[in-house]
Amino acid sequence: GSDASLGDQVAHKITGIDPGAGIMNATQKAIDDYGLSDWTLLESSSAAMTASLDKAIKKKEPIIVTGWTPHWMFAKYDLKYLEDPKKSYGEAEEIHTIARLGLKEDKPEAYQFLDNFQWTEDEMGEIMVAIQEGTAPEKAAADFAEAHPDRIAEWTDGIAPVSGDTITLALVNWDSEVASTNLAKYVLHEKLGYTVKELQVDAGPMWLGVAQGDADATLAAWLPLTHADYWAKYQDKVEDLGANMTGVKTGLVVPAYVEATSIEDLVD
Ligand SMILES: C[SH](C)CC(=O)O
């Protein structure tokens with residue numbers, strides 16, 4: 001590599017995603033924890049971050065992005081997490097399903113499915129990669145359901161279909177949550193008879209929307225650390241249905257050709 005520090009090579013910039021995302025708070029905390037005072041976290045979006053990553057990798061240039069697992073970028077590129085010895089990004093995280101208060105009484109069939117639903121990184125990956133390769137999200141979800149009838153049966157076992165009730169699912173446009181929300185949409189509509197609406201917003205309005213009942217549920221709650229601030233604010237106004245995926249993580253991600261191995265290497 002060149003003599004310039006990694007910081008100089010990336011102009012002391014970390015390429016982030018949408019400002020309301022918890023990973024952005026965690027990254028600000030990492031900047032404080034590791035004394036990266038001369039670094040800047042760029043706010044953009046999940047799609048803009050992956051576009052910047054693609055551009056840098058095509059030119060074999062260094063880049064540092066806010067990344068998370070599961071994500072299709074790990075299947076597409078040779079990437080690594082920078083070690084986080086100070087645990088600014090926490091330990092193993094989970095993605096939770098959060099329901100509005102009263103959903104269990106109003107729409108027990110939808111509630112039961114959402115409570116049952118839990119899947120793996122590999123299963124989410126099938127949908128996420130298909131979408132990234134150009135399949136429409138609804139089609140990618142339908143294809144997954146057709147390939148895994150046993151799992152669909154497991155999640156809907158004993159639930160009687162309804163006729164035409166509406167369910168609104170809130171999400172943020174993160175690749176992982178586009179996959180899980182489209183699968184839930186497929187099951188709720190095709191198997192349980194609901195009309196499903198999506199409320200695609202930033203993380204703050206997503207939590208507020210469930211707390212106020214504008215949305216019935218979200219499958220996009222990253223806990224315990226990533227959305228800790230939102231949980232602290234809304235925990236009495238929502239119902240946590242538990243994890244829809246365990247063993248997930250967030251952190252700073254670089255192409256494998258970047259020599260740094262730890263966030264500590266960013267200190268000039
Ligand atoms: C899918 S992103 C890690 C979630 C978040 O940062 O709030």
Side-chain angles (χ1 to χ4, degrees), residues 14-31 33 41-53 64-76 79-82 84 87-98 118-121 123-125 127-129 131-132 137 169-184 198-211 215 217-235 238 240 243-254 263:
I14 295 168
T15 302
I17 57 174
D18 41 290
I23 199 170
M24 300 296 273
N25 291 346
T27 302
Q28 285 299 355
K29 186 169 178 307
I31 287 172
D33 293 348
L41 171 57
L42 295 180
E43 294 178 355
S44 62
S45 69
S46 179
M49 179 274 287
T50 51
S52 301
L53 180 66
I64 305 170
V65 301
T66 53
W68 62 96
T69 300
H71 197 291
W72 53 260
M73 64 179 162
F74 290 94
K76 182 167 182 177
L79 304 171
K80 63 186 179 186
Y81 280 94
L82 294 181
D84 172 24
K87 297 284 174 228
S88 305
Y89 292 92
E91 309 280 347
E93 286 272 280
E94 297 180 337
I95 311 176
H96 282 224
T97 302
I98 303 290
Q118 180 162 347
W119 64 338
T120 67
E121 177 183 336
E123 289 174 322
M124 179 190 273
I127 297 182
M128 216 167 16
V129 169
I131 293 172
Q132 202 271 331
L169 298 179
L171 76 156
V172 183
N173 191 21
W174 301 316
D175 299 281
S176 30
E177 280 58 42
V178 167
S180 53
T181 304
N182 273 280
L183 180 65
E198 268 187 42
L199 192 63
Q200 205 165 101
V201 289
D202 271 343
M206 177 182 84
W207 277 90
L208 177 63
V210 178
T218 178
L219 290 100
W222 281 65
L223 292 168
L225 181 137
T226 309
H227 288 180
D229 296 355
Y230 295 123
W231 179 248
K233 192 169 178 185
Y234 296 113
Q235 59 185 309
V238 297
D240 180 6
N244 61 60
M245 186 174 293
T246 61
V248 302
K249 74 178 285 183
T250 74
L252 293 185
V253 173
V254 297
I263 299 175

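Every number for a ligand or one of its atoms is a count from 1 in the order of the listing.
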Enumerate the atoms of ligand 1 whose separation from the nearest heavy atom of [X] is less than 4.0 angstrom.
{"X": "Trp222", "result": "1 (C), 4 (C)"}
{"X": "Thr226", "result": "5 (C), 6 (O), 7 (O)"}
{"X": "Thr250", "result": "3 (C)"}

| said: Please evaluate residues Tyr89 and Thr27 with respect to the criterion side-chain hydrogen bond (donor to acceptor under 3.5 Å, both in side chains), reporting the C-alpha separation (whole Å), side-chain torsions for both, the decisive distance (0.1 Å), and the verdict. | reply: CA-CA 8 Å; Tyr89 292 92; Thr27 302; 2.8 Å; yes
| query | What do we get for Met24 next to ligand 1 when only non-hydrogen atoms under 4.0 Å count, side chain, backbone, both or neither? | reply | neither
| said: Let's go through Val253 and Phe74 carefully: what are the C-alpha distance in whole Å and the side-chain angles of both, what is the deciding distance for side chain to side chain contact (heavy atoms under 4.5 Å, CB included) to 0.1 Å, and is it a yes or a no? | reply: CA-CA 10 Å; Val253 173; Phe74 290 94; 3.8 Å; yes
| query | For ligand 1, is there an N or O atom under 3.5 Å from any N or O atom of Gly22? | reply | yes
| said: Could you report the tightest heavy-atom contact between Trp222 and Ser176, atom names first, then the distance? | reply: CZ2-OG, 4.1 Å
| Any idea which heavy atoms bring Gly16 and Met49 closest together, and the distance? | O-CB, 3.6 Å
| query | Which protein heavy atom lies closest to atom 6 (O) of ligand 1, and at what distance to 0.1 Å? | reply | Ile23 N, 2.8 Å
| said: Tell me if the centroids of the rings in His227 and Trp174 come within less than 6.0 Å of each other. | reply: yes
